[in-house]
Amino acid sequence: EFHLFLESIDNLKDYAIFYTLFWTGVRKGELLGLQWKDIDFSRRMIRITKAVNRFGTGGHWELTSPETLSTIRDILIINTLSDLLQDLYEQSKAIIGFNDEYFVFGSDKPLSFTGLDRIYKGYITNSSVKRIRIHDFRHSYATALIELGVDIMLLAKNVRPFFQRTSLQHLWSSVPE
């Protein structure tokens, strides 16, 4: 279903948003808080050190530490995601004033939570797949890696504290015996 969903996406930045969510297991706030300085293309790593936190009304936001110190992590990314983000980086460099402090999925300000939800709703409406919560991309990431045979301890390190609060049985039920 994920590939059907991707087929409905018509621009590079939006495609990269959902591809990143699926292949990293990051939370919404972590995704929105990604800045270009957090991506190491030579090592194919994304460093998660912060998240966008919204508060109040009128689009107010702040960058905060992730939920716990244990959620600060480096995530190894697959080649296709690295290439996709590299293409988006090259495209973004054309923006006047661009620098590595810019947000990957924004500009000098991050994409808003409602903006992300609006983008997702538009594509999910145009595709033939069932709607899941954006947070459920985290579950899809974990399930996909288990199905690919990734070591469960490596997965737990990348998706923590997901495994501290979620039953592994939920994930194992989708893996063929």
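All values derive from a computational prediction rather than experimental measurement. Values below: every heavy atom of this structure, side chains too, minus hydrogens, waters and symmetry copies.
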Suppose the criterion is salt bridge (Lys or Arg N to Asp or Glu O under 4.0 Å): which pairs have a residue in residues 108-129, not counting sequence neighbours?
K28-D117
Rounded to the nearest 0.5 Å, what separates atom [atom1] in [X] from atom [atom2] in [Y]?
{"X": "L31", "Y": "L111", "atom1": "CG", "atom2": "CG", "answer": "8.0 Å"}
{"X": "N126", "Y": "E7", "atom1": "CG", "atom2": "CD", "answer": "13.0 Å"}
{"X": "I17", "Y": "L88", "atom1": "CD1", "atom2": "CG", "answer": "8.5 Å"}
{"X": "S112", "Y": "L32", "atom1": "OG", "atom2": "CG", "answer": "8.0 Å"}
{"X": "L85", "Y": "E90", "atom1": "CG", "atom2": "CD", "answer": "12.0 Å"}
{"X": "T49", "Y": "L34", "atom1": "OG1", "atom2": "CG", "answer": "8.5 Å"}

With the side chain counted from C-beta on, respond yes when [X] and [Y] share a heavy-atom pair under 4.5 Å apart, and no when they do not.
{"X": "Q91", "Y": "Q86", "answer": "no"}
{"X": "D83", "Y": "T80", "answer": "no"}
{"X": "R73", "Y": "I75", "answer": "yes"}
{"X": "I119", "Y": "F18", "answer": "yes"}
{"X": "I39", "Y": "V104", "answer": "yes"}
{"X": "L12", "Y": "L84", "answer": "yes"}
{"X": "M45", "Y": "I77", "answer": "no"}
{"X": "K13", "Y": "F105", "answer": "yes"}

Do the two ring centres, one from [X] and one from [Y], sit under 6.0 Å apart?
{"X": "F98", "Y": "Y89", "answer": "yes"}
{"X": "F103", "Y": "W61", "answer": "yes"}
{"X": "F5", "Y": "Y120", "answer": "yes"}

Any ion pair linking D74 and R47 (charged N to carboxylate O, less than 4.0 Å)?
yes
Before accepting this row, confirm whether a basic side-chain N of the pair K50/E62 lies closer than 4.0 Å to the acidic partner's carboxylate O.
no
Is there a side-chain contact (heavy atoms from CB on, under 4.5 Å) between S92 and Y102 once you walk through the steps?
CA-CA 9 Å; S92 298; Y102 268 52; over 6 Å; no
Residues D14 and Y123: closest non-hydrogen pair is OD2-OH, 2.6 Å
Can you tell me if T24 uses its side chain to pair, donor with acceptor, with the backbone of T20 under 3.5 Å?
yes
Ignoring hydrogens and angles, tell me if any N or O in the side chain of Q35 forms a donor-acceptor pair with the backbone of E101 under 3.5 Å.
yes
With under 30° as parallel and over 60° as perpendicular, where do the rings of Y19 and W23 fit, or are they tilted in between?
tilted
Starting from the C-alpha separation in whole Å, work towards a yes-or-no answer on side-chain hydrogen bond (donor to acceptor under 3.5 Å, both in side chains) for Y15 and D10.
CA-CA 7 Å; Y15 193 95; D10 59 8; over 6 Å; no
